[in-house]
Amino acid sequence: MYQGSGSVEEKSCAQVHRENAILIKLQMKKQGVSIRCLVSEGIVKTSHRHRFYERIEEGKLEFDEIVKLRQRLKIDPVRAELAMRCFDSPESYEDPCCETTAHVATALAVQLFEVMAACEGEFEPLKEGLCQGLAKRATTAIAENHARIEAQREAIGDADRAFG
């Protein structure tokens with residue numbers, strides 16, 4: 001499991017492009033998608049297939065190619081951003097904590113928007129300390145859920161051993 005630095009740092013464009021290239025390369029390998037396949041599907045221009053990963057690292061692929069590429073590889077933009085900014089590693093995209101964080105962040109954004117739309121007055125953003133408290137309660141609930149799942153798995157394993 002990858003652990004972030006605990007703070008979100010601004011990265012240079014070069015760092016972002018480099019990490020994006022790593023994430024794309026990892027997802028292509030995981031999904032068995034070749035550069036040739038992307039060219040034949042019209043996602044990547046034929047002229048961009050040579051030095052493909054270097055082009056991504058250098059920020060030389062067109063924006064629409066990157067968007068199509070991420071869509072084709074089903075790279076969740078929220079999860080990708082969290083992996084690179086909060087977890088400090090494009091490899092952490094596959095980490096269950098990163099995936100869970102992305103699901104929670106997306107669900108929170110949708111729910112908050114719906115709830116605030118029904119409220120009157122001007123919405124004021126929460127202070128950092130209150131956000132930390134809410135995050136602590138949410139992560140405690142997630143950890144408790146994980147503990148329940150593990151206990152159920154152990155109970156099933158014990159039953160299988162007893163009757164197996």
Side-chain angles (χ1 to χ4, degrees), residues 1-117 123 125-126 128 131-132 134-147 149-150 153:
M1 184 180 313
Y2 294 93
Q3 294 181 353
S5 63
S7 65
V8 179
E9 296 178 22
E10 276 303 308
K11 296 186 178 192
S12 69
C13 285
Q15 286 174 299
V16 171
H17 290 308
R18 194 170 26 261
E19 290 179 355
N20 209 12
I22 292 168
L23 177 59
I24 288 168
K25 189 174 190 175
L26 289 169
Q27 288 302 305
M28 286 175 64
K29 183 177 181 180
K30 178 184 176 207
Q31 297 175 32
V33 176
S34 67
I35 297 168
R36 177 175 284 155
C37 175
L38 295 172
V39 170
S40 71
E41 292 177 10
I43 294 169
V44 174
K45 292 180 180 179
T46 304
S47 61
H48 291 173
R49 73 173 188 259
H50 300 292
R51 296 184 55 250
F52 176 70
Y53 298 112
E54 290 86 356
R55 286 180 186 277
I56 298 172
E57 283 183 33
E58 295 166 0
K60 292 185 177 176
L61 276 189
E62 294 175 14
F63 182 74
D64 67 319
E65 282 179 290
I66 293 290
V67 169
K68 288 178 188 175
L69 185 56
R70 281 183 156 206
Q71 288 173 338
R72 168 60 173 84
L73 296 172
K74 296 180 178 75
I75 294 175
D76 172 19
V78 173
R79 186 170 157 193
E81 198 63 29
L82 287 168
M84 292 184 270
R85 287 191 180 259
C86 299
F87 289 82
D88 292 331
S89 164
E91 291 88 351
S92 66
Y93 182 84
E94 295 299 326
D95 188 300
C97 286
C98 183
E99 184 175 0
T100 299
T101 304
H103 290 316
V104 170
T106 302
L108 179 62
V110 169
Q111 290 295 316
L112 185 60
F113 181 77
E114 291 174 0
V115 168
M116 293 316 299
F123 177 69
L126 297 178
E128 182 75 22
C131 290
Q132 293 296 328
L134 290 170
K136 180 71 175 168
R137 286 198 300 259
T139 54
T140 299
I142 291 167
E144 289 169 354
N145 182 64
H146 173 72
I149 290 169
E150 285 301 309
R153 285 182 184 151

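Only heavy atoms go into these numbers, but all of them, side chains included; no hydrogens, no water, no symmetry mates.
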(message) Quick check: closest heavy atoms across Gln31 and Leu73, and the distance to 0.1 Å?
(response) NE2-O, 2.8 Å
(message) Please report the interatomic distance CG(Leu38) to CZ(Phe52), rounded to the nearest 0.5 Å.
(response) 5.5 Å
(message) For residues 103-117, which residue pairs pass the salt bridge (Lys or Arg N to Asp or Glu O under 4.0 Å) check, not counting sequence neighbours?
(response) none
(request) Name all residues meeting the side-chain contact (heavy atoms from CB on, under 4.5 Å) criterion together with Ala80; count only those two or more places apart in sequence or in a different chain, and write none if there are none. (result) Leu23, Arg70, Ile75, Met84, Tyr93
(message) If the test is side-chain contact (heavy atoms from CB on, under 4.5 Å), which one of Ile56, Leu61, Val33 qualifies with Ile24?
(response) Ile56
(request) Taking side chain to side chain donor-acceptor pair (under 3.5 Å) as the test, write out the residues that go with Gln111, two or more places apart. (result) none
(request) Please answer whether the main-chain N or O of His50 pairs with a side-chain N or O of Arg55 as donor and acceptor at a distance below 3.5 Å. (result) yes
(message) Can you list everything that forms a salt bridge (Lys or Arg N to Asp or Glu O under 4.0 Å) with Arg51? Sequence neighbours excluded, please.
(response) Glu58
(request) Mind listing the closest non-hydrogen atom pair of Gly42 and Lys68 along with its distance? (result) O-NZ, 4.4 Å
(request) Name all residues meeting the side chain to side chain donor-acceptor pair (under 3.5 Å) criterion together with Thr46; count only those two or more places apart in sequence or in a different chain, and write none if there are none. (result) none
(message) Give me each pair satisfying salt bridge (Lys or Arg N to Asp or Glu O under 4.0 Å) with a member in residues 13-30, each pair once, sequence neighbours excluded.
(response) Lys11-Glu19, Lys30-Glu94
For residues 134-146, tabulate all N or O donor-acceptor pairs below 3.5 Å that involve a side-chain atom, not counting sequence neighbours.
{"unit_1": "Thr139", "atom_1": "OG1", "unit_2": "Ala135", "atom_2": "O", "d": "3.0"}
{"unit_1": "Thr139", "atom_1": "OG1", "unit_2": "Lys136", "atom_2": "O", "d": "3.0"}
{"unit_1": "Thr140", "atom_1": "OG1", "unit_2": "Lys136", "atom_2": "O", "d": "2.8"}

(message) Could you work out, with side-chain contact (heavy atoms from CB on, under 4.5 Å) as the rule, every residue matching Ile22, not counting sequence neighbours?
(response) Leu26, Pro90, Glu91
(message) So, taking the atom named CZ in Arg79 and the one named OG in Ser92, what distance separates them when rounded to the nearest 0.5 Å?
(response) 9.5 Å
(message) For Ser34, give me all partners under side-chain contact (heavy atoms from CB on, under 4.5 Å), at least two apart in sequence or on another chain.
(response) Arg36, Cys37
(request) Not counting sequence neighbours, which residues clear side chain to side chain donor-acceptor pair (under 3.5 Å) with Arg72? List them please. (result) Glu41
(message) So, using side chain to side chain donor-acceptor pair (under 3.5 Å) as the criterion, who are the partners of His48 when residues are at least two apart?
(response) Glu65
(request) Hey, could you give me the CD/SG distance between Glu81 and Cys98, rounded to the nearest 0.5 Å? (result) 10.5 Å
